[in-house]
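Structure first, then comments.
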Amino acid sequence: MDALASIEEGKRRFIKQTQRLVSKGRESNSLHGRVIYKKLIKQYAKAIKAKIEHRGTASYYAHSLHLLKEINPTIIAHYALKVLIDSLSKPCLRNALANKIGRYLQDEINFRSIKDKSPNLWKRFFRASSRRSSYHFKRSVIVKAAHEELGESWKTDWGAGGRIYVGLTLIEILRVTTGIIEYDKSKVGRHYSYSVLPSPQVLEWISNFIDTASGLTPFHLPCVSPPADWTSLKSGGYEYPNSINWCFIKTKNLSSTLKALEGSDLKTVFSAANSLQRVPHRVNQRVLGVLREGLEKGINLGKILLTVPQVTDAGRPCRNNYTSAEKACQAQKHRERIANMPSYIRCYNIFQLANRFLNTNIYFPVQSDFRGRLYYSSSILNPQGCDMAKGLLQFANEFPVNKAEDWFLVGGANNYGIKGTLEERQQWPLDHQKEIIKVADDPIGYRSFWENCDNPLVFLAWAFEFKEWVNNRITFKTRLPVRLDHTASGLQIISLITNDKRLQQLTNLADNKEPADVYSEILAVLKTNLMKNGRPEYISWLSLGIDRQLVKKITVSYMYGGSEYGMEKIIVAWYINRDNDIFGKDIYKEIKLLIEEYLK
C-alpha cells in the first residue's frame, strides 16, 4: 500500500513536470528530451559535417551551408537539435523554427568574433550577463554592451531570409538523416504553410517512454503502517517491485554495491535501521494550525516561506513613468523573489504533505549512505528535514519528563539557539518563562520573539509543551525529542582513534566543565601563526577579519575529504563579500599560502 502510494505520487509528479516543460517550450530538458538528444547528437553532427564538406554541384544545401563553415558541426547540431526537441510535442511553423535556429547560429558567430578579437572585453560582457541563466537575458546584455563599446561593426547580420535558409537546411538534414520529424502542409488563404511535427513512431516512443519512466521514479512518502524490516540489501523499507532501483545503501551503481558487500554481516546495521523506522510519528496539529493562520493572513513566519510576495507594491496602480529608484527597488524585489522560489516550493510541498497525513500515525523508512550513516528515505517531510519539517513532526507516543526536566529545558534552549553550559541552557527557559507562555498563547501576535531564532518551528512546538509543563510538572508527558549535535564529528572520531586527549577535550568528548569550541581554537592558532610570520599579506588577511564561520567551513571540507581546490573555493566565496579587494590578481596565490598556514 505505502509503496504503491509512493509510486503513484512519483508518476503524478513526473508527468506534471514533463507537461510543464513541454508547455514552456523546454522539452529538451525533460527526461525523454535528454534521451533523444543523447541518441541523435553525434549522428546529426556527422551528417551536418558531411554536407558542409561536400564539394559538388549546386544543391538545396549549398546556398546556406557556406555560412556555417567557421562553426564546429557539433555546436551547430546542438543548437538545431535543442530548438527542434523543444517544439517536438507542439506543432510549430517550419519557418519560425528555422529563423530561431538561424538566430542562435548567427549569435554564435558574432559572439565568437568578440571573444577572439577582444578576450578581455568578452570576459566583462560575460560576467555582466551571468546574473541569470536565461539565454535571452544573456543575449540582450551582451548585445547592448557590444553596441555601446563597438558600435555596429562587431556583428554580422544574415537578415531574416539568410537565417531562415540556414534553419531550413538544418531541419531538412535532421528529417532526412533521423526521421524523427515530418512536415504537415496546410493552406492559409492563398498561401501554403508548413508545420514541423514528430513522426508517428517518435510520438509512440515518447508515450511509452513516459509511461515506463514515470513508474520508475517513486516519490518516497511517509508510510501509514510500519515499513518492512531490512533483512538484506534489497529487502526492507518500501516493498517496491524489482524494476525500481531500491537498496539499503543509497547508490546509483546498484550492481557493484551488491557485489562489494556480498557476504558481509550487516545484522547490527539492519537492527539499528529497523529500530528507527518502527518509531511512529504524527503531524503536530498546533504547529500546522499556526502555519494555516499565517497563510490566511499572508504572513511568512521567519524562514517559513508560504506566501509569495508580489513584485509591485500592494495598492499602487500600474504606470509607465517609474523613476530609476523605483525600478531598481522593484528589480531587487524580483531578484529576491526568484532567489527564494526554491524555498517557497519546498515549504509549500511540506505544508501539503503535513495536511495529507494529519491525524494518522506515520513511519519513515531508513537507508544508509556509503559511510554507514542512517537517513530517513521519505522525501521532504521527515525528522531529519529542514526546520519546518522537524517542527511539524512529533512522536505519536508520549513520554514522561519527570526526573528529566533538565534535558527538556536544555532541548528548548538548543532549539532557540542558546549557547553556553548545560546549566546556563537549562536556566534560560525559566528566565524567559513569561515570553515563552505568551508565544504559546498567541504565536502570531508574539512571533517577534521566536520567528528569527535558530529553529523557529521546532522552538514553537516546544513552547506549546513548555506551557503544559509549567501548568503540570508532575504528570506532564512530551512528544518531542531533545536534539543534540556533535562538535566536529570528524575530529571527534580522529581524537578517539589516535587517543588524543587534547582533541577530545576540544570536541567535548571529555568531561569539560564548559563546552569547548574547536573551531575558535583553530582560528586562534591560525591568527597567532599569521601574526608571528609577519608577512604583510598575512597581516592583510587578519585585517579582512578571518572569522570562525570561515574556519568551520574549511575544516568541515577538509575532514570530509575535500581537496585544496575545494577549500580555495570556500575562501574565494568569503573573500568576494569583503569590502576591499586587497590582493587583486594575486588572490589565488595568497589563498594557496593561507591554506598552507592553515594545514600546519
Side-chain angles (χ1 to χ4, degrees), residues 9-10 12-14 16-17 20-21 24 26 29 130-134 137 217 219-222 283-284 286-314 329-358 364 375-394 415-417 439 443-444 447-463 483 485 549 552-553 556 569-570 573-574 576-577:
E9 180 66 15
R12 185 187 70 80
R13 288 173 177 264
F14 183 92
K16 183 179 178 181
Q17 170 74 353
R20 186 180 69 84
L21 291 171
K24 290 191 172 185
R26 293 166 52 198
N29 291 338
S130 298
R131 287 178 294 170
R132 296 187 200 169
S133 59
S134 164
F137 174 82
T217 55
F219 183 85
H220 304 313
L221 293 170
V283 172
N284 192 317
R286 290 180 293 190
V287 174
L288 184 60
V290 173
L291 290 179
R292 284 175 177 166
E293 184 182 352
L295 183 60
E296 290 170 0
K297 294 181 178 179
I299 299 172
N300 284 323
L301 302 172
K303 304 168 188 175
I304 314 304
L305 306 177
L306 285 173
T307 303
V308 181
Q310 299 300 314
V311 176
T312 56
D313 293 337
C329 181
Q330 292 300 317
Q332 178 63 25
K333 288 182 180 179
H334 183 72
R335 286 193 292 270
E336 290 175 358
R337 180 174 177 271
I338 295 299
N340 288 328
M341 193 55 67
S343 297
Y344 293 124
I345 295 171
R346 183 189 64 201
C347 291
Y348 176 79
N349 285 333
I350 294 173
F351 183 74
Q352 293 296 102
L353 286 176
N355 281 288
R356 176 172 176 173
F357 290 99
L358 189 62
F364 302 97
Y375 294 92
Y376 291 110
S377 307
S378 304
S379 305
I380 304 177
L381 181 64
N382 69 69
Q384 289 175 321
C386 63
D387 168 69
M388 182 178 180
K390 290 186 285 190
L392 280 168
L393 293 173
Q394 60 184 6
N415 294 334
Y416 197 86
V439 168
I444 300 294
R447 66 182 184 275
S448 59
F449 181 79
W450 61 271
E451 69 175 348
N452 292 316
C453 70
D454 280 6
N455 301 287
L457 279 199
V458 175
F459 177 78
L460 178 62
W462 178 86
R483 292 182 170 86
D485 196 8
Q549 186 178 12
K552 180 179 180 180
K553 288 181 178 180
V556 170
K569 288 178 66 177
I570 293 171
W574 175 86
I576 61 177
N577 289 319

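Model, not experiment: these values are computed from the prediction.
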query = Out of curiosity, Leu291 CG to Ile444 CD1, how far, rounded to the nearest 0.5 Å?
reply = 8.0 Å
message = In the structure I gave you, are the side-chain heavy atoms of Arg292 and Asn355 within less than 4.5 Å of one another anywhere?
response = yes
inquiry  = How long is the straight-line distance from CZ of Arg447 back to CD1 of Ile299, given to the nearest 0.5 Å?
reply    = 4.5 Å
inquiry  = Students often mix this up, so state it plainly: with edges at 30° and 60°, are the rings of Phe459 and Phe449 parallel, tilted or perpendicular?
reply    = tilted
message = How about CD on Gln549, more than 12 heavy atoms from neighbouring residues, nucleotides or ligands closer than 6.0 Å, or not?
response = no
side-chain hydrogen bond (donor to acceptor under 3.5 Å, both in side chains) involving Glu9 - partner list, sequence neighbours excluded = Arg12, Arg13, Arg356
key: Under 3.5 Å donor-acceptor, Asn577 side chain and Ala573 backbone   = yes
query = Got a sec: does the OH of Tyr348 have more than 12 other heavy atoms crowding it under 6.0 Å?
reply = no
inquiry  = Taking the side chain as everything from C-beta on, heavy atoms only, tell me whether Val287 gets closer than 4.5 Å to Gln394.
reply    = no
query = Does the side chain of Ile304 come within less than 4.5 Å of Phe351's, by heavy atoms?
reply = no
message = My understanding is that only residues two or more places apart in sequence, or in another chain, count here; which of them pass salt bridge (charged side-chain N to carboxylate O under 4.0 Å, His left out) with Lys297?
response = Glu293
Closest approach of Ala461 to Asn284 (non-hydrogen atoms, all atoms of both residues) = CB-ND2, 3.7 Å
What pairs of donor and acceptor atoms, side-chain ones from residues 378-388 against any protein atom, are under 3.5 angstrom apart with sequence neighbours left out?
{"residue": "Ser378", "atom": "OG", "partner": "Tyr238", "partner atom": "OH", "Å": "3.3"}
{"residue": "Ser379", "atom": "OG", "partner": "His220", "partner atom": "N", "Å": "3.4"}
{"residue": "Asn382", "atom": "OD1", "partner": "Gln384", "partner atom": "N", "Å": "2.7"}
{"residue": "Asn382", "atom": "OD1", "partner": "Gly385", "partner atom": "N", "Å": "3.1"}
{"residue": "Asn382", "atom": "ND2", "partner": "Ser378", "partner atom": "O", "Å": "2.9"}
{"residue": "Gln384", "atom": "OE1", "partner": "Tyr376", "partner atom": "N", "Å": "2.9"}
{"residue": "Gln384", "atom": "NE2", "partner": "Leu374", "partner atom": "O", "Å": "3.4"}
{"residue": "Asp387", "atom": "OD1", "partner": "Leu457", "partner atom": "N", "Å": "3.4"}
{"residue": "Asp387", "atom": "OD1", "partner": "Val458", "partner atom": "N", "Å": "3.2"}
{"residue": "Asp387", "atom": "OD2", "partner": "Leu457", "partner atom": "N", "Å": "3.0"}

4.5 Å side-chain heavy-atom contact, Leu460 and Leu301 = no
request  = To the nearest 0.5 angstrom, please state how far the CG atom of Leu21 sits from the CD atom of Gln17.
outcome  = 4.5 Å
request  = May I ask you to test the Leu392-Phe357 pair for a side-chain heavy-atom distance under 4.5 Å?
outcome  = no
Asn349 vs Phe219 side-chain heavy atoms within contact, under 4.5 Å = no
